[in-house]
Amino acid sequence: MVAYQILCGLMGVAWLVVGASLFSMFFAFHSPGGRSGGLFATMGPQGHYLAAFAGCALITWALLLLAAARRPLEGRAVGTATALGLVLCASYRMVAWVVGDYAAVADLLRIESAVFLTLALGFVWLRPARVEAAT
Amino acid sequence: MIGRILATVVIVGLLGFDFMLPRFEMLQQGRDPVARADAPAAVVVVDEPMPDFTLPDLDGVPVTLSSLQGHRVLLTFERSVDW
């Protein structure tokens with residue numbers, strides 16, 4: 001149970017940081033003279049719009065994870081949904097790696113996939129059992 | 001419990017697929033620096049004869065441009081993922 005709480009808490013904080021960054025990147029891009037650098041340099045207005053949407057979704061996901069960290073028995077379903085979400089994230093990263101259009105980030109996509117799948121396994125096995133939640 | 005086991009099978013299967021994907025160095029084979037290293041420096045000038053070169057065909061047999069003299073030659077450049 002404690003391990004599930006720690007996993008939810010850590011991932012909630014991580015998603016909160018990433019989500020807030022993506023969300024604020026939209027406003028930074030549209031501020032006077034604003035532009036994104038590095039890997040995000042070629043994203044353009046549409047890319048930043050979608051990144052802000054992803055940021056909002058990540059912040060929502062993070063808040064659910066943090067709620068599950070505080071009340072793990074009530075937040076059992078959050079673990080299931082998070083595991084599914086992580087598997088989806090890993091799936092498109094593997095396809096992106098095979099396609100080859102994201103060669104600039106090299107093996108990062110495969111490593112991220114492996115990390116997400118391992119985390120998904122953690123959420124599958126560490127979430128409280130149904131019987132445990134009922135009592 | 002059955003749900004957890006099924007989920008584990010799916011996730012471990014995907015993990016195995018992830019580890020089986022070819023490594024990044026393999027994708028580098030067709031990339032610019034390697035391609036340049038393979039071919040000697042040659043300058044192509046419009047309206048001038050193409051410098052001679054040799055490349056393997058789909059069966060690995062080397063084909064020289066000069067051996068195709070008298071035929072029309074169409075060169076295409078495509079991206080390859082090396083498998």
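Reminder, nothing fancy here: chain letters follow the sequence lines and each chain counts from 1. Computed over heavy atoms, backbone and side chain alike; hydrogens, waters and symmetry mates excluded.
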Problem - Residues in residues 65-72 of chain B near chain A [non-hydrogen atoms, under 4.5 Å] - result: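 Listed by number, there are no contacting residues, so the answer is none.
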Practice task
Identify the residues of residues 3-16 of chain B whose heavy atoms come closer than 4.5 Å to a heavy atom of chain A, ordered by number, or report 'none'.
Solution key: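 Listed by number, the contacting residues are B:R4, B:I5, B:A7, B:T8, B:I11, B:V12, B:L14, B:L15.
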Verify same cluster id: [X], [Y] (apolar side-chain graph, 4.5 Å):
X	Y	result
A:L64	A:Y4	yes
B:L55	B:V73	yes
A:L65	A:F23	no
A:M11	A:V18	yes
A:M94	A:W97	yes

Completion exercise
CZ of B:F19 to CG of A:L117, rounded to nearest 0.5 Å, is 8.5 Å
Practice task
Answer with side chain, backbone, both or neither: which region of A:A90 has an atom nearer than 4.5 Å to a non-hydrogen atom of chain B?
Solution key: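 For A:A90, no heavy atom lies under 4.5 Å from chain B.
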Exercise for the section: Just grab all the side chain to side chain donor-acceptor pair (under 3.5 Å) pairs involving residues 47-70 of chain A, residues at least two apart or on different chains. Expected result: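 Non-adjacent pairs meeting side chain to side chain donor-acceptor pair (under 3.5 Å): A:S36-A:H48, A:W61-A:T82.
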Handout entry: Residues in side chain to side chain contact (heavy atoms under 4.5 Å, CB included) contact with A:A62, at least two apart in sequence or another chain
Key =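 Result, side chain to side chain contact (heavy atoms under 4.5 Å, CB included) vs A:A62: A:W15, A:L16.
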Handout entry: Criterion side chain to side chain contact (heavy atoms under 4.5 Å, CB included) against B:L21, the qualifying member of A:L109, A:V98, A:D107
Key =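 The passing option is A:V98.
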